[in-house]
Amino acid sequence: MEQKLQKLFKQAKYQPESRLSGDIWRVINIRDRKISIIKSWSYGFAGLLSFAFLIPTINSLIEQFSQSGFYQYLSLVFSDLGSISLYWKEFMSSLVEAIPVTSLMLTFLLFFILLVSFKRAVFSYRSQLLTA
Amino acid sequence: MYMDFSDEDLIKEYLEGNQDSFKILIDRYTTSLYNFIFRFVGKDNTPDVIQDVFIKIWKNINKFDISKSHFKTWIFTIARNTVTDYLRKRKMILFSSLDKDEESFEDNIKDESLLPDEALSKIEDNEYLNKTLDQIPPKYKEVLVLHYQEDMTFAQIGEILNKPTNTVKSYHYRAILLLRELILHQDL
């Protein structure tokens, strides 16, 4: 009975229109392209935005480095290496303290966003070309 | 080239960026899913529902875990859920609407006389079989279709229906009884 029923059920299968799978594939491709376009624009926008913020942040970082005396401490490495080797612990702590941590982290973060956005925008653009 | 690939290999290929491998999966399962969906939503609505099913598969394919289930079981689970949503939206009968009595039967049907030759010869007519199936409640019909048309085991069907295997066997038993009753006592 089992085998007979299997045979009968398979015989009674409905046949879809031959273009159905092609139509489904086309719809999926259209959606894929739309998503890729949205993604590449979004990532492109995020990249531009992070780039726009990166320039003043870098300027501010450079300014903060000079205000904190970081460059002066650093120049000692080239001018007075003997004193540094004697008081290296104090020198290192002064150098670290002179680093504007918040601005530096913000710069790295923006730079990271810029790189990731650029990478993803290129990837989305490439998949657009592949599905075209 | 990819035609001989297993479903799992095609999924891997697709996830690695080979777009064509998903097209092969669509070609491979369109007829099976079409037949399953057709029996619950009718001919006119099937293309839209099957399209939704494939879009869901496409969207979630990166979440499919090869080690946890078979691709065929997974896509039929998606198809069943999509059909359920579709029927619910249209306030049509649901698979679970007849879930009152779910006692299990220990064994699968062994009795050959459940569907005698007289009944089997009647359903040799495809149209007759399809019309008879249309009269069977969805939760029984889906077991028959998945078992006899898609060659699925009761355990696999249980996975799709989210029911224990014994409950699926029970549904199967009742479905065969209903089929027999309809064939022997009705003129379609």
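None of the values given here were measured: they were computed from a predicted structure. To find a chain, count down the sequence lines: A is the first, B the second, and so on, and within it residues start at 1.
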Closest non-hydrogen atom pair between [X] and [Y], with its separation:
| X | Y | result |
| --- | --- | --- |
| A:Ser21 | B:Lys23 | OG-NZ, 4.2 Å |
| A:Asp32 | B:Gln19 | OD2-OE1, 3.6 Å |
| B:Asn35 | A:Tyr14 | OD1-N, 2.6 Å |

Just do the side-chain contact (heavy atoms from CB on, under 4.5 Å) check on B:Gln51 and A:Asp23 with the steps written out, would you?
CA-CA 9 Å; B:Gln51 187 176 291; A:Asp23 288 348; 5.6 Å; no
Name the option with the most non-hydrogen atom pairs under 4.5 Å to chain A; the candidates are B:Ile50, B:Val145, B:Thr46.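 Max contact count across the listed options: B:Ile50.
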Between B:Thr31, B:Asn130, B:Asp151, B:Leu144, the one whose heavy-atom pairs under 4.5 Å with chain A are most numerous: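 The residue among B:Thr31, B:Asn130, B:Asp151, B:Leu144 with the greatest pair count is B:Asn130.
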Would you say the side chain of B:Asp27 lies within less than 4.5 Å of the side chain of A:Trp25, judging by non-hydrogen atoms?
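Side-chain contact under 4.5 Å: no.
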Taking side chain as everything from C-beta outward and backbone as N, CA, C, O, which of these in A:Lys13 sits under 4.5 Å from a heavy atom of chain B? Side chain, backbone, both or neither.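 Both the backbone and the side chain of A:Lys13 come within 4.5 Å of chain B.
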| said: Looking at A:Glu17, I want to see if its CD is surrounded by more than 12 non-hydrogen atoms of other residues, nucleotides or ligands under 6.0 Å. | reply: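 Open: at most 12 neighbouring heavy atoms sit under 6.0 Å from CD of A:Glu17.
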Could you tell me the separation between the [atom1] atom of [X] and the [atom2] atom of [Y], rounded to the nearest 0.5 Å?
| X | Y | atom1 | atom2 | value |
| --- | --- | --- | --- | --- |
| B:Phe54 | A:Leu20 | CZ | CG | 8.0 Å |
| B:Gln149 | A:Gln11 | CD | CD | 11.5 Å |
| B:His147 | A:Leu5 | NE2 | CG | 8.5 Å |

Heavy-atom proximity to chain A below 4.5 Å, by part of [X]:
| X | result |
| --- | --- |
| B:Tyr34 | side chain |
| B:Leu133 | side chain |
| B:Lys59 | side chain |

